[in-house]
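Structure, as structure tokens:
Each chain gets a letter, A, B and so on, in the order the sequences are listed, and its residues count up from 1. The shown structure was predicted, so the numbers you read here are calculated from the model rather than taken from an experiment.
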Amino acid sequence: MASTGGDIEQTKSVEVKKKLNVLIVDDSALIRKLHEAIIEKLGGISQTAENGEEAVNIHRNGDASFDLILMDKQMPKMDGVSATKKLREMKVTSMIVGVTTLAADEEEYKAFMDAGLDHCFEKPLSKDKLEPLINKLMDA
Amino acid sequence: MDALVAQLQMQYRNYTVSLYQQGFLDERFTELRQLQDDKHPNFAAEMLSLSFDDSVKHIGNITRACKDQTGTVDFGLVDVSVHQLKCTSSSVGAKRVKDLCVTFKEYCEANNYEGCVRCLQQVDIEYNTLKTKLQDMFNLEKQIIQAGGKVPQVDGH
């Protein structure tokens, strides 16, 4: 019987560069569009949600698998703090990065971080700010 | 035709550089243009359009908050809308509007009603001025393309 070991070895050696999968959660269409474009430029793919409730619902059936979630803080229906807490309760292990206009307020920043964020940046994000993070995730 | 394209391109270059030099635009706008490509050829214009929609909303909220009929101004509410306007402006490189918002926030924090009203008037003027200037810039781009040329990349230097 002919061995298929060689074929398997060849398949293993073909490097498939995975595209980083990002969920962008923001109530501003402007910010969603900007962050989508930056992610695409950095080689990733993205999905968007307009508020925390949508972000949580996307994860409800257990199929969602994002490498990175960019989470706005101030949103209607469910804000970023509540959404982050809920996602962590649901055992979502994606890196969650808070993106807020209120980064200067220390107490609010701490509350957001304590909800389960991995990092928090001031919006709007730029390619320069996101690139090291994206590269780190792609290398992981 | 080539001479016309070259002339339009020079006009465009000079005009765009002047927008940076006069402080209307900053490097954020350059980044927006860099995100533009064949797949998204109108990205910068689309972003500006969204920004203008957001700005109108925020300026409207600030105006209503400052013209409270009871005579009491909720400076906290004004501050939130100013902050959102600052974020919107900053996202597209609208430097003058963004810088005005910084001053505006200081007046909000000091509960300075006259200062807030002055800033609101200035924000309205700056926003409308920027809109006109960007429209002129995009019109020049259209003329270059219609003349068969390519829009030069200009980064403000």
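Comparing B/Asp37, B/Leu35, B/Val80 by how many heavy-atom pairs each has under 4.5 Å with chain A, the most go to B/Leu35. Contact count against chain B (heavy-atom pairs under 4.5 Å) is highest for A/Glu40 among A/Glu40, A/Lys123, A/Lys127.
Contacts of B/Gln36 with chain A are made by backbone atoms alone, with heavy-atom separations under 4.5 Å and no side-chain atom involved. For B/Thr88, the parts sitting under 4.5 Å from any heavy atom of chain A are the backbone and the side chain alike. Residue contact with chain B, scored on non-hydrogen atoms closer than 4.5 Å, involves the backbone of A/Leu125 exclusively.
Under a 4.0 Å N-O distance rule, the pair A/Asp114/A/Arg88 does not qualify as a salt bridge. Between A/Lys33 and A/Glu36 there is no salt bridge, since no side-chain nitrogen of the basic residue lies less than 4.0 Å from a carboxylate oxygen of the acidic one. For the pair A/Arg32 and A/Asp27, the salt-bridge criterion is not met [side-chain N within less than 4.0 Å of a carboxylate O].
A donor atom on one side chain and an acceptor atom on the other are not found under 3.5 Å apart for A/Tyr109 and A/Thr100. Side-chain N/O atoms of A/Asp79 and A/Ser82 include a donor and acceptor closer than 3.5 Å.
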